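Worksheet: one structure, shown below.
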Amino acid sequence: MSPTFRWLFLTGCLLAAPACIAAESAEVNLDYVAQRALERAKEPFRSPRADLPKVLRQDNLNYDKYREIRFRRDRALWTADNLPFRVEFFHPGYLYQEPVHIHEFTATHTQPIRFVQDFFDYGSLHIANEIPANTGYAGFRVLYPLNKPDQLDELGAFIGASYFRLLGKGLRYGESARGLALDSGEGDRPEEFPIFTDWWLGKPQKDDTQLHLFAILDSVSCAGAYEFFIRPGDTTTASIKAVLYFREPRNVAKVNKDRKPIKTIGFAPLTSMFWFGKDTERKFDDYRTEVHDSDGLLVHMGNGEQFWRPLDNPPATRHQVFSAPNIKGFGLLQRERNFAAYGDLFNLYNEVPSVWVEPDGNWGDGDLHLVELSTTYEGLDNIVAFWDPKNKPEPLQPLRFGYTLHWEGEAADLKRSENRIISTRIGPDTQFQGARQFVIDFAGPKFDAIPDDKPPTPISNCSGGAHIADCQVVSNPFMNSWRVILKMVPPADTNAAVDLRCSLQQGTNLIGETWVYQWSPH
């Protein structure tokens with residue numbers, strides 16, 4: 001018996017006798033987990049909420065009580081073996097109503113990690129003995145010496161539906177990723193939130209620099225298997241492979257008879273927050289000049305085009321779709337890295353990660369979606385981006401895809417797109433009646449090489465009956481950029497959104513990114 005399995009076995013026997021389960025001889029791989037997901041997909045979805053003990057439900061365990069429960073750090077998984085990765089578990093209850101079942105695996109065996117009361121300090125609460133050993137956890141966090149070789153830092157956390165967050169060196173938590181998004185932002189049906197219900201955590205070796213994980217994802221409409229390879233560093237990456245099985249309509253109807261067929265399947269969904277920034281036309285009463293975890297969507301299209309779409313906090317939900325066959329990559333980035341732009345000592349928005357999605361191979365034909373929800377405060381993640389395949393699978397037929405997530409800081413962002421759009425500002429124009437003025441700054445090595453007396457040529461257009469009244473380019477020595485001043489006159493007789501595009505070219509050559517934006521009258 002390996003040291004870790006011995007530790008789990010003895011801990012379970014000493015602290016929670018019902019948790020003692022013998023290790024199973026098995027090779028845990030994606031096929032192993034996918035087979036279990038397929039078996040589950042053949043039956044109607046069963047919510048783990050039904051397994052949550054009454055004492056942990058939100059009407060019994062409120063915010064203040066839940067905060068009293070703390071994991072004992074000395075009980076972290078793999079502490080006894082002094083391994084580079086450690087795992088701490090989140091207690092179920094309060095908002096976390098769906099218990100997650102967790103296993104550990106080695107090259108030859110797997111074993112459940114049952115709920116153990118002594119892993120937690122309950123403070124003044126007296127509820128530990130009311131929680132069965134088979135309850136499960138709410139999720140887990142991963143520790144690793146990310147910033148200093150002799151200090152364990154939080155590398156990532158997996159908790160709540162299929163949400164997870166990771167960190168690169170020197171970064172702080174910001175946006176999140178999800179395993180899958182179903183019908184996100186669709187106005188004619190509610191979004192379905194799949195959940196990670198089961199995890200297998202691969203026991204690392206002492207010299208390992210990556211962590212290997214597997215998970216089952218489950219929801220009313222589908223079940224699936226996920227494999228993760230997490231590699232910490234200046235940029236932390238998560239290489240992910242997934243296999244999805246959609247349920248037969250009759251089994252979906254048994255759980256939700258009103259559920260419409262799935263319209264969008266969101267690969268690699270990213271979720272972030274944008275309250276206000278440079279391009280915000282709705283003003284809020286706040287001492288800060290910007291508040292956001294991401295300020296734009298960067299996309300590398302299959303045809304080689306790169307475009308930057310600044311984020312916004314619209315007055316009503318805005319859902320923009322871009323045709324994106326064979327997409328090369330996309331991400332929600334935080335380009336503004338100057339502390340003075342935020343001025344917030346407690347929420348260091350200048351130190352949150354950008355997250356970049358790099359598809360494995362050719363995803364085929366599909367669309368990139370950007371959903372922006374209206375918000376009046378920073379506590380709500382109101383931005384979603386994902387890619388949706390055009391061809392939807394038949395029930396119980398495997399849908400396979402893979403990608404790598406890059407959780408990165410400013411240096412990696414600059415390498416990804418050197419010739420870039422660095423700011424967008426919007427306001428009224430006094431020259432043309434009813435016009436809106438968009439001020440866009442382009443910067444980078446190629447722009448630096450352009451002589452001041454030979455400015456680049458702007459190429460701009462708009463949709464929806466609007467027209468470009470004026471578009472000029474001037475040198476901006478204060479930001480070492482070329483500034484486009486674009487004046488758009490919206491149609492007077494409609495409240496429809498206007499799509500705008502602008503790029504710069506020298507001669508016949510396009511330089512850097514294309515600016516895209518969707519403007520709506522307020």
Side-chain angles (χ1 to χ4, degrees), residues 8 11-12 15-16 18-19 21 45-79 85-104 111-123 125-143 154-167 173 176-180 193-201 211 213-219 223 226 228 230 238 271 379 381:
L8 283 173
T11 301
L15 302 178
I21 300 294
F45 172 69
R46 180 183 180 277
S47 174
R49 286 174 179 259
D51 301 326
L52 189 72
K54 185 177 180 181
V55 68
L56 299 179
R57 295 174 187 169
Q58 197 167 355
D59 53 349
N60 293 316
L61 190 68
N62 61 23
Y63 172 77
D64 291 326
K65 290 180 179 179
Y66 185 77
R67 286 191 63 190
E68 287 200 52
I69 306 173
R70 295 179 175 85
F71 186 84
R72 301 179 190 272
R73 178 148 289 190
D74 62 334
R75 303 303 175 93
L77 183 64
W78 304 321
T79 296
F85 294 91
R86 311 285 170 85
V87 175
E88 297 181 349
F89 303 108
F90 293 109
H91 201 284
Y94 179 50
L95 295 179
Y96 308 109
Q97 301 283 300
E98 294 150 337
V100 175
H101 296 284
I102 300 176
H103 308 72
E104 186 201 37
Q111 175 171 299
I113 303 174
R114 289 299 184 94
F115 180 86
V116 178
Q117 298 158 3
D118 199 57
F119 286 178
F120 298 93
D121 177 354
Y122 287 88
L125 303 181
H126 301 284
I127 62 173
N129 293 330
E130 300 179 53
I131 307 170
N134 63 351
T135 295
Y137 297 96
F140 60 93
R141 64 162 58 94
V142 178
L143 307 179
E154 189 162 342
L155 173 65
F158 295 78
I159 183 171
S162 68
Y163 286 87
F164 60 96
R165 298 192 291 182
L166 296 171
L167 290 171
Y173 278 142
S176 301
R178 281 192 273 169
L180 194 69
F193 288 89
I195 57 179
F196 286 132
T197 59
D198 301 79
W199 284 95
W200 286 261
L201 315 180
L211 187 62
L213 311 175
F214 293 94
I216 286 181
L217 177 138
D218 207 355
S219 72
Y226 281 68
F228 296 77
I230 299 173
T271 300
D381 281 349

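The basis for the numbers below is simple: all heavy atoms, side chains too, and nothing from hydrogens, waters or symmetry mates. Just so it is clear, the model here is predicted, and its values are computed rather than measured.
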For [X] versus [Y], what's the shortest heavy-atom pair and its separation?
X: Phe89; Y: Leu201; value: CE2-CD1, 4.4 Å
X: Tyr226; Y: Gly179; value: OH-O, 2.8 Å
X: Ile102; Y: Gly139; value: CD1-O, 4.3 Å
X: Ala138; Y: Tyr96; value: CB-CB, 3.7 Å
X: Glu130; Y: Pro53; value: O-CB, 4.3 Å

query = Run the ring-ring contact (aromatic ring centres under 6.0 Å, His included) check on Phe120 and Phe71 step by step: do they pass?
reply = CA-CA 4 Å; Phe120 298 93; Phe71 186 84; 5.5 Å; yes
Any non-hydrogen side-chain atom of [X] less than 4.5 Å from a side-chain atom of [Y]?
X: Arg73; Y: Leu143; value: yes
X: His103; Y: Phe214; value: no
X: Val142; Y: Ile230; value: no
X: Glu98; Y: Leu52; value: no
X: Tyr66; Y: Leu56; value: no
X: Arg67; Y: Tyr94; value: no

inquiry  = For the aromatic rings, using the six-membered ring if either is Trp, is the centroid distance between His91 and Phe115 under 6.0 Å?
reply    = yes
task = Examine Phe228 together with Trp199 and report whether their ring centres are nearer than 6.0 Å.
result = yes
Straight-line distance of [X] [atom1] to [Y] [atom2], nearest 0.5 Å:
X: Asp64; Y: Leu125; atom1: CG; atom2: CG; result: 10.5 Å
X: Leu217; Y: Thr197; atom1: CG; atom2: OG1; result: 7.5 Å
X: Asp118; Y: Arg75; atom1: CG; atom2: CZ; result: 4.0 Å
X: Glu88; Y: Thr79; atom1: CD; atom2: OG1; result: 8.0 Å
X: His101; Y: Asn134; atom1: NE2; atom2: CG; result: 7.0 Å
X: Leu61; Y: Ile127; atom1: CG; atom2: CD1; result: 5.5 Å

ask   = Does Arg114 offer a backbone N or O that forms a donor-acceptor pair with the side chain of Tyr137 under 3.5 Å?
value = yes
ask   = Any sub-3.5 Å donor-acceptor pair from Gln117's side-chain atoms to Ala128's backbone N or O?
value = yes
inquiry  = So if I apply the side chain to side chain contact (heavy atoms under 4.5 Å, CB included) rule between Ile195 and each of Ser162, Pro48, Ser219, which one comes out positive?
reply    = Pro48
inquiry  = Apply ring-ring contact (aromatic ring centres under 6.0 Å, His included) to residues Phe140 and Phe158 and explain how you reach the verdict.
reply    = CA-CA 6 Å; Phe140 60 93; Phe158 295 78; 5.0 Å; yes
key: Leu155 vs Phe85, side chain to side chain contact (heavy atoms under 4.5 Å, CB included): CA-CA, chis, key distance, verdict   = CA-CA 9 Å; Leu155 173 65; Phe85 294 91; 4.0 Å; yes
